[in-house]
Structures are given as structure tokens and as C-alpha cells.
Amino acid sequence: MATIDLTSDGLDTSSVVADKPARRRYVAVIPMIVWIVILVALPNIYLLVYSFWKSSLGTVDHTFTLENYKTLLGSDVFKLLFRRTLTIALVSSLLATAIAYAMAYIVVRRFGRYKLLAALLILIPLWVSYLMRIFAWKIILGDNGILKGIAKTLGLGESFTSAFLYSQNSVILTLTYVAIPYAFLSVYTTLDRIPSYLLEASADCGASAWTTFRKVVWPLSRPGAAIGFGIAFVLTFGDYVTPAMVGGLSGTMLGSLVLQYFGIANNWPMGAAVGITIILTGLIVLAVVSLFSRLEAPLD
Amino acid sequence: MTDMATATAEQAAGETTSPEVVVELSKVSKVYPNTTAPAVDGIDLAIRQGEFFSLLGSSGSGKTTTLRMIAGFERPSSGLLKLEGKDVTDVPPYRREVNTVFQNYALFPHMNVSKNVAYPLQMHGVPKKEIESRVADALEKVSMSDFAKRLPHQMSGGQKQRVALARALVGEPKLLLLDEPLGALDLKLRESMLLVLKHLQREVGITFVYVTHDQGEALAMSDRIAVMSNGRIEQIGSPEDIYYKPKTSFVARFIGKTNLLPCTKVDENTAATGDLKIRVTSTKNLEKFDLSVRPEDIRVVLSGVEGDNVFPAVVFESIFLGHEQELIVNLAGQRMSIRTRGLAVVPGDTVQLGWDAASSVVVRSS
């Protein structure tokens, strides 16, 4: 061919030895493939295989069976926990995404040159240990906690104050708090990429601030919100620390069940089966979310 | 200068004879937060109906800030801004009957061309049927009908600019603001878009306020030009006025090429720079001033030149430009640039320069 490849430099011999760059490309992706196989694919396959085995008297019977799943689907406890976990995760992810969206919008549009600082301040809690943050909520919500103290001095009754700790609401509240920084990160990056001249152009065309949000800002930032929601959901759906710490009995979630099966019950195949249901639910939600994360056109 | 403006206004409005003022700025200033120097420093401006008005200046001259205040994106720090006689200083942009063509087009990336153009009509509650036909008309005007279903990222810069223009014009605004609309286009495209803009303006008769740093664009397009510098207006006038009768040395230097000679007054018709005495038409009651002499107004021959001012000069450099020739000469210590054709000289030769008193324009030093 007479055309000259302008992208390759003069030293590149790729045009002479045709298969060399292709081979080089494979070499470059090998570390990534190894990483994914060892750290992502294999453990999950192992978990999947385990969920089709059976525990008999503490040892694992290596024969294929659907027993675990049948037991789970037949169990009212599992169904109750699944429904509750789904509700808690959906509600707290939605709340977290909504709050994170509002915060990101204000940071991007109102903080000017301090927006990076403000964003960092919102993300800083991530540096604190997860356990510490949940403990902080225990202090706020707990029996001798701040909220209860306020409620007492205001003379509110026991029925009101009992709602704070060891309930479904306290789990939702805490998980919402936990998920906000992650959702914020996703929304912030998309909102920050919408140039301000698009908002000016919309106002120039006669659109009020609200209409501009509806017609321009939201369609362009919806993918970020959807991905933020997806991350928040995956985080909250499988969580077991928060329900264990602030949930009490009425706040128990599927994650706690996994912990029990792998721990005290010493029934790994059953734990694996619960784990697989959690992963499957997460995948289904992510698949739905990905329908909303598609942007019709790239930003310039 | 009034003749030009009136002529265009008549073309546009048909029966209107006295051009009414569309935009009026009185003593408008803008100081941005955390800055001390004002971006716009107390300017007065009146733009007339149907006029093609240019704000010309280098970056930082305050021209874009002025435009953004008219659009409503910036609020003046002080002063009064009127649109069609009504005070709009505090009116938000979406309630102003003004549309803007942005330098970076600012098309909504998630809407196709026809939706982009329909947007302002939807905002003003125009019925759906009417929107369709008006969008089609607007796209027709900028020859973009075939691109109605394209998304912005599927088009070139020039095409996007045409769509942006259609979107700004479709609502038939009182006033169209253009913020360096050709700045992002290459030279060839810019020239063709210049023509599109000029014809469009004549056709639709809408007042255009055009911000540019390109003096060539401003001269070619405008009925009137305001030359801005450091947040102030140096001079307002027709392109001919600005070019041939600059009031300050800044304007003379900014518009086209010129030779500036620092002078002192000898008498009403004579200026002196060094030992040279130069004939002028009037020194305009200035004691110290600059003389602006355009390179093309100076005649140059080897001997026997005519003119009110005749001086010998030594050739420093001769540059062949194709359609003409630029001579750099030394005139009594002053370096002068001259445009001529077909003069066979080499550096060191002595030539004779000659220009008329009318060609030596007295300008205020700035």
C-alpha cells in the first residue's frame, strides 16, 4: 500500500513485521488478565462451585446439588431477609444518591475555585476506618446518645426515642451516610464536566433555572447519578457491619446471614449460596442501572 | 457614520426613518469579585435598531464583559443598562429578548440539530406546529436543512456555528449578541461565515452586536465600531472613521498598520518631530500629540516626489509581498513602513517620501 502511517514514528518497524505490534499488545494486557483471573474470576467461580456442594456434619460433600438454593427459597427467614435487605439497600442508595447529587450540584456551581477543596472535605470521611464511622453513629443514635439526650430534654416519650437505635431506620440512616461519598464522587465528576456556557445558553434561550436543570443538566448528568446509585447499591446490599452494629434484630440483613453461615454455623456451601444470590441481585440492579447510564452524546 | 446606520436600518425596517436605540448603556462599570481594576470602566453606548455594531479590542479590553452584561450573564457593578428604553439592569438573562451566539457554539450535546433550534421556541411556549415550520425556516436560512437529525458531535465547527446561529435567530430576538463567533474556525471557513453573517443580518434586519479582536472582521462587517481598551471605549465610529480618522494613537495602531511619529506643535498647520517639520490640516489644539501616517498613503520614488510633505529617507529593508512591496525606511531616525509596488531598491539606497497634509492624522497619545 502506498499510504504512509502517520501515527507510527520512524523507528517503528511495525509496518515491516506485521504481527509484532499485535503480539506486543497481548504482552501489555497480560498483567491485567492475570489480575482479573486470580483476584476476581477464580474466587467467584470457587464461590459458585461451593454453593452447589453440600455441608454434612461440618465437612463438605463434593457432589453437585441444588439443595442449598431449594432450602433458601423455601425458607421464610431468607425471604424476609431478602426483601428487607433489598428495601434497605434501595432506599438508602436512593437517599444517598439524591443527597450526593444535591451536594455535588452546589459544590460544582456555587463554590467556584474552592470546589475541589469542598469535594475533598466531603470525601475525607473515607479516610477514617469504616468501623469508626459506624461507631460514631452508635454514639449519635445510642442509648446514651446525642439524639436521645436531645429528645429527653425536649420531653419526648419513649416511643419516639426507641426509633433511634437497633431498628431498620437506623440501618437505612447509617448506610445512607456510608454511601454518600461514593455516590458524590460519581455525580461530582459528571456535573463538573458540564460546561457553564451550556447553562448560559439555556438561560439565553429563555429557560428558567429549573427548566435548565430538567432539560440540560439532568439529561447530561443522569449517567453519573445512575452509576453513583449502582455503586451505593452494591455497597449497601452486601453490607453486614452496619446492620450488626446499629441494626439489632429488626435490622439484620443478608450480609449477616452470610457471616453466620461461614462462621458459627460452619456451613460454607449455604453461605456461598447466599453470597451468590447477593451477587446476582447486584448484577441485575447494575444491568438496570446501565440502561440509564448511557449518554446519548459525548460532551465536547 | 449616521448615513451608514440609517441606510441599514431602512433596509431592515422598511418604513422606519429615525433609527431608535435598542441598547443603551450609561456609565456602566463592572468590577469582578477579588479584583481591583474594573473590567469595564464607566462606558456609555447607544446601539441603534438594525445596526451591525462591533465591539473591537484585544483580550482583557472589556468587550466580552460588556456583551455578557447586555446578555444578562453579568450584572453591572454600577450604571444603567436599557433594552428598548426599559431598564433591564436587574433582569435575568432568560427574561431578556436577547440571544447570544457563543464562541464555543454551546449547542446542547444531547439534542440533535432540530431540537437545539426548537429549544428557545419551546421555552417561549410556541405551538408545536409552528415550531416545526420555524425550525425548518431557520435551518434553511443557514443552509443546514440536511443536518436536522445530526447530533452536535457529528458536525464540524463551521456547521455547529451555523446551527448556533439558527438557534439564536429562530426566536426573532430584538438583538443578537455574537461573542467572537468565528474565533474557533479556520481562515477559509471564517471568510465564508463572514459573508453568511453579513447577508443574514441584512436579510433578517436584527440588530447585531459583534465582539471580536480581529480588526479585519470588524472593518468588513460593521456599520459602527467601538474600539475598546482597558475597559473604556477609545472611539466609536464607522469603519471609515475609525480607519481614516483615529482619535488616539491606540486606535491608529490597533486598526490596520500605521506609522506613529511623536510630535510637538509648531503652529496650527505644522508639527515637528526632531528636525522634521510636517504639514498637517489641523493640530486640534494639542501641544504634544502623535502623527499617524498610513503606509499606503506615503508615495515613494527615487526622486521628484510630490506632496505637502517631502523628505529623503534611507532604505533599511525591502520586503516583497507578492501583490505589493513593503519598504522599511529610516526617516531622520524614525523607522517608517511604506507600501508600494515595483520599486527596485536595495538597503542603503536613498529614496524620496511624499504625503499630503490630509494624510498626516493628528491623534492623542495613548
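By convention in this document, chain letters (A, B, ...) are assigned in the order of the sequence lines, proteins followed by strands, and residues within each chain are numbered from 1. Because only heavy atoms are used, hydrogens play no part in the values below, and waters and symmetry mates are left out as well, while side chains stay in.
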*Is the CD atom of B:Q154 crowded by more than 12 outside heavy atoms at less than 6.0 Å?*
yes
*By a 4.5 Å heavy-atom criterion (distance strictly below it), what part of B:N34 contacts chain A: side chain, backbone, both, or neither?*
side chain
*Sub-4.5 Å side-chain heavy-atom contact between A:Y197 and B:D179*: no
*Got a sec: does the CH2 of A:W218 have more than 12 other heavy atoms crowding it under 6.0 Å?*
yes
*Going by residue number, which parts of residues 201-211 of chain A are within reach of chain B, meaning a heavy-atom gap below 4.5 Å?*
A:A201, A:S202, A:A203, A:D204, A:C205, A:G206, A:A207, A:S208, A:T211
_I need the minimum non-hydrogen distance between B:Y119 and A:V216, along with the two atoms involved._
OH-CG2, 3.7 Å
*asked:* Is it true that, when you exclude B:Y32 itself, more than 12 heavy atoms of the residues, nucleotides or ligands shown sit nearer than 6.0 Å to its OH?
replied: yes
*Count the heavy atoms of every other residue, nucleotide or ligand shown that sit under 6.0 Å from CZ of A:R214, and state whether that count exceeds 12.*
yes
*Please state whether the side chain, the backbone, both or neither of B:E97 comes within less than 4.5 Å of a heavy atom of chain A.*
neither
*asked:* Heavy atom to heavy atom, less than 4.5 Å: which residues from residues 123-132 of chain B reach chain A?
replied: B:M123, B:H124
*Can you tell me if NZ on A:K115 sees more than 12 non-hydrogen neighbours from other groups inside 6.0 Å?*
yes
_Full working for side-chain contact (heavy atoms from CB on, under 4.5 Å) between B:F102 and A:L198_ = CA-CA 10 Å; B:F102 294 82; A:L198 285 185; over 6 Å; no
*Using the side chain to side chain donor-acceptor pair (under 3.5 Å) rule, collect all pairs that involve residues 86-100 of chain A, keeping only residues at least two apart or in two chains.*
A:S93-A:T236
_Quick one, A:K215 and B:F108 - any side-chain contact, counting heavy atoms below 4.5 Å?_
no
*asked:* My understanding is that only residues two or more places apart in sequence, or in another chain, count here; which of them pass side-chain hydrogen bond (donor to acceptor under 3.5 Å, both in side chains) with A:Y182?
replied: none
*Options B:A106, B:A164, B:G72, B:A71, ranked by heavy-atom pairs under 4.5 Å with chain A, top entry*: B:A106
*asked:* When you compare the side chain of A:P195 with that of B:N104, does any pair of heavy atoms fall below 4.5 Å?
replied: no
